[in-house]
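Excluded from the calculations below are hydrogen atoms, water molecules and symmetry mates; all remaining heavy atoms, backbone and side chain alike, are included. The residues of the chain are indexed from 1 along the displayed sequence.
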Amino acid sequence: MSIDIGNKISRLNPKQREAVEKTEGPLLILAGAGSGKTLVITLRVAYLLYSGVQPKSVLAVTFTNKAANEMKERLSSMLRAQKGNIPIISTFHSLCLAILRKDIHLLGYRKNFIIYDTSEQLSLLRNILSDIRAYDRSFRPEAILEKISSQKNGFASSGKTDELEAFTGVVYPRYQEMLKVMNAVDFDDLLLLTIQLFREHPSVLQKYQDRFNYIMVDEYQDTNKVQYELIKMLAGQKKNLCVVGDDDQSIYSWRGANLYNILDFEKDFPDAAVVRLEQNYRSTGNILHAANRVIANNRKRMEKSLWTAGGKGPLVNVFRASDSEQEARWVADRIALIRYEKNSAYENFAVLYRANLFSRPFEAALRINRIPYTVVGGTSYFERKEVKDLAAYLKIIANPLDDLSLLRAANAPKRGLGPTTISRFADFEQKQSISLLEAFRKNSEVAGLGKMVVEAVNRFTELIDRYSGLFQRPGGMARALKDLTEEINYKNYIYELYKTPEAAIRRIENVDSFIQSLSHYEETNESPSLHGFLETLALTDLSYEKTEKTFGVTLTSFHSAKGLEFPVVFIVGLEEDILPHRKSIDTDGDLEEERRLFYVGITRAMKELYLTYTRHRIKYGKKLRSSPSRFLEEIPDDLLKKIDMNEEEDPEDNERDAKVCFSKIKEILK
């Protein structure tokens, strides 16, 4: 074994070391928040390799590209290895995509299939719904798509079939049929089609079972029924399966995550070993004690208790404000005060809330205090019009069967191809059983087209055909995309579309950024291809990862904060009906997930934790009295420092506030 790896393992605590060195048979690593999980699983892979296991025999599956890349970088550093000597470390969807690229033809698809994102799925659904005469307009496409996704991900049915569910049952087969016609799949299909491939072609499954002798799955508490089935199939009879997770941090049931996958691991694998990582390296003792006391109230959990070898740290602060505006002002003032006292960077602070709709008063208060901030969870870069427009050109070039991308590209910028013209082409396409692009090419056979329309269609198809060749040139894709945007005058189209120069300039910057991302892809990949870039684009969008670095104070929901840590955390809006949410109060399972959400928020804090709630809050357009969250009562009083604006203020706090004000005055005078 490498001396470096040996030294790293020797510095682990006993439980961490046990998790690393237990390599044979099923293993559940219960990794509490801040317990050094990433280091442990990375070292475990390194230990396998230095024990003589071939890299190609090891598979590690994570949920996000960010986690996969971090693990690859750590492993490369430890092993001082080239790319070829690193095992497959992948997200579920990336793994399935790689499997399907090789063998999806066995299911009747072409290998150059395209992945549709949510907006493209909705466009396809709207086209299908327009053909259904009895379509009930009260059923929103978004609701139908959600039902389809729920069925694909194995959500448990309530047993009752409502009208929406019955209608979805009619639409679903047509939706899947149209996807296949356009040689497209959605994100859920990546996993479902892989399982279908394994079931219908056992030799393909056997190939991967023979290859992957050791499998690791991170964030196992977030797996759904389909992901569970996939992993179980790959593990096969060898059962060298290591799953890592924390049932106390299972907060994604609304996305299909099944808590029982981790709770029942020992039932599924009776000879499984369980290692608990409970020593926390992130938070102070009082923060951990508060987290432990809260989560202990859940009944559906595996017993564990976080502890730290560090000190107790300050008490947990609880602040009661009169309303949401005062709550936000107090948080902003407290951030300014702590920064003044400790010379702490704004990036060390985070404000956590139940949902993004609660960010407004905090944004306003931070602006007044001239405190920079970033709201996590805003509009995705990949959902912006200009990015989707250019991606549509790339998709139709890569997959000529992709009718939806063709329709988008053909009208960005406008070419005079209105609904009437498109419907004529669509009718012709259907009668001839060809793609829409092929129908465009055969426009002389389509009745009722004017001379200008024919010329526009011919110019468009010639453009697509010409650039199909240009995008095949090694190292020339970014240049081809830049030339394409110039040839179609896309930037002028943006300037005309957005009336204010500021809005247009931001959109133009996104165009340049998109071209740059293609250039970066070409430079950093050994065998770049248009399909490869589109896959990177689709899977990055899927992971919901923020591409830009956060600046200033972070404002984020609990769900988006998972996996992050900050020296100072403010958890706001801790009131009944908010946390726990009013819809979860009557159901034990939902209430326990709300408690886990609070637990995740608490364990993001490293040094200081502030909890706030209000006496009154505007709800449904009315000022209503609020009640403090029941979860606050689960924290012992001896861990809390309570602050109430109606009670007599601490003179010491007033003196410090005065210092901050004086400091601000001096900065202004400068």
Side-chain angles (χ1 to χ4, degrees), residues 1-31 35-92 94-95 98-99 205-220 223 227 230-246 262 265-266 268-269 271-277:
M1 185 188 300
S2 160
I3 295 175
D4 287 347
I5 300 299
N7 285 340
K8 288 181 183 296
I9 291 177
S10 68
R11 291 198 292 268
L12 298 176
N13 68 47
K15 288 297 181 182
Q16 289 176 326
R17 183 161 187 164
E18 182 184 351
V20 167
E21 295 180 344
K22 174 77 174 71
T23 59
E24 302 302 313
L27 171 65
L28 167 59
I29 301 175
L30 275 177
S35 61
K37 177 194 69 171
T38 305
L39 174 63
V40 168
I41 59 179
T42 306
L43 273 173
R44 191 174 186 277
V45 173
Y47 183 77
L48 281 168
L49 301 185
Y50 273 105
S51 298
V53 176
Q54 293 298 310
K56 67 178 183 180
S57 299
V58 180
L59 168 66
V61 184
T62 71
F63 267 82
T64 66
N65 292 319
K66 180 181 176 183
N69 291 333
E70 182 183 352
M71 195 171 168
K72 286 177 189 175
E73 289 169 7
R74 285 196 183 198
L75 202 56
S76 296
S77 176
M78 284 182 191
L79 303 176
R80 298 183 176 87
Q82 300 298 317
K83 284 185 179 179
N85 294 323
I86 297 294
I88 290 184
I89 301 172
S90 168
T91 63
F92 275 100
S94 294
L95 171 67
I99 292 170
L205 172 60
Q206 189 64 52
K207 176 175 65 175
Y208 289 101
Q209 286 178 336
D210 291 343
R211 175 178 176 179
F212 298 128
N213 295 319
Y214 296 89
I215 299 173
M216 293 180 63
V217 184
D218 191 14
E219 303 288 2
Y220 191 65
T223 53
Q227 291 159 338
L230 178 70
I231 289 300
K232 202 169 181 183
M233 292 175 85
L234 286 172
Q237 295 302 311
K238 293 174 188 171
K239 296 182 180 177
N240 285 333
L241 172 63
C242 170
V243 301
V244 187
D246 181 7
I262 191 167
F265 187 78
E266 292 173 277
D268 295 334
F269 300 91
D271 54 342
V274 179
V275 178
R276 288 171 167 80
L277 305 183

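Shown here are the side-chain hydrogen bond (donor to acceptor under 3.5 Å, both in side chains) partners of Arg17, two or more places apart in sequence or in another chain: Glu21. Applying the side chain to side chain contact (heavy atoms under 4.5 Å, CB included) rule to Lys232 yields the partners Tyr228; only residues at least two apart in sequence or on another chain are considered.
To the nearest 0.5 angstrom, Met71 atom CE is 11.5 Å from Ser90 atom OG. Considering CZ of Phe63 and CD of Glu219, their distance stands at 7.5 Å, rounded to 0.5 Å. The distance from atom CG of Asp210 to atom OG of Ser57, rounded to the nearest 0.5 Å, is 10.0 Å. Note that the CE atom of Met78 and the OH atom of Tyr47 stand 14.5 Å from one another [nearest 0.5 Å]. Rounding to the nearest 0.5 Å gives a distance of 11.5 Å between CG of Leu43 and OH of Tyr50.
Ile29 and Cys242 make their closest contact through CD1-SG, 3.6 Å (heavy atoms, listed as atom of the first residue, atom of the second, distance). Summarising the geometry of Met216 relative to Ile41, their closest heavy-atom pair is CE-CB, 3.5 Å, with the distance given to 0.1 Å. Nearest heavy atoms, Thr64 versus Ala67: OG1-N, 3.1 Å. Between Gln16 and Gly36, the shortest heavy-atom distance links the atoms NE2-CA, 4.1 Å. The shortest heavy-atom contact between Ala68 and Ile89 is O-CG2, 3.7 Å. What you find for Val40 and Val20 is that their closest heavy atoms are O-CG2, 3.6 Å.
Side chains of Ile88 and Phe212 form a contact here, defined as non-hydrogen atoms less than 4.5 Å apart. Taking the side chain as every heavy atom from C-beta outward, Asp268 and Leu241 never approach each other to under 4.5 Å. Here the side chains of Ile262 and Leu30 are in contact, with some heavy-atom distance below 4.5 Å. Contact annotation: the side chain of Val275 never approaches that of Lys22 to less than 4.5 Å [non-hydrogen atoms, C-beta and beyond]. No side-chain heavy atom of Leu28 sits less than 4.5 Å from a side-chain heavy atom of Phe269. Looking at heavy atoms from C-beta onward, Leu59 lies out of side-chain contact with Arg211 at the 4.5 angstrom threshold. With contacts defined as side-chain heavy-atom distances shorter than 4.5 Å, the pair Pro87/Leu75 qualifies. Contact check for Leu39 versus Leu12: side-chain heavy atoms found under the 4.5 Å cut-off.
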Practice prompt. Check the pair Arg44 / Leu27 against side chain to side chain contact (heavy atoms under 4.5 Å, CB included), numbers first and verdict last.
Written response: CA-CA 12 Å; Arg44 191 174 186 277; Leu27 171 65; 3.8 Å; yes

Practice task
Report the C-alpha distance between Leu95 and Leu234 in whole Å, list the side-chain angles of each, state the deciding distance to 0.1 Å, and finish with yes or no for side chain to side chain contact (heavy atoms under 4.5 Å, CB included).
Solution key: CA-CA 12 Å; Leu95 171 67; Leu234 286 172; 4.2 Å; yes

Passes side chain to side chain contact (heavy atoms under 4.5 Å, CB included), Asn213 versus Gln54? Steps please.
CA-CA 9 Å; Asn213 295 319; Gln54 293 298 310; over 6 Å; no

Walk me through whether Phe92 and Ile231 qualify under side chain to side chain contact (heavy atoms under 4.5 Å, CB included).
CA-CA 9 Å; Phe92 275 100; Ile231 289 300; 3.7 Å; yes

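Checked by atom type and distance alone, the side chain of Arg276 never pairs as donor or acceptor with a backbone atom of Lys15 at under 3.5 Å. Side-chain atoms of Thr23 do not come within 3.5 Å of backbone N or O of Leu48 as any donor-acceptor pair. Side-chain atoms of Asn240 come within 3.5 Å of backbone N or O of Gly25 as a donor-acceptor pair. With hydrogens and angles ignored, the 3.5 Å screen pairs a side-chain donor or acceptor of Lys238 with a backbone N or O of Gln209.
The closest side-chain donor-acceptor pair between Asn69 and Glu73, if any, does not fall under 3.5 angstrom.
Of the charged side-chain nitrogens involved, at least one lies within less than 4.0 Å of a carboxylate oxygen, so that Arg74 and Glu70 count as a salt-bridged pair.
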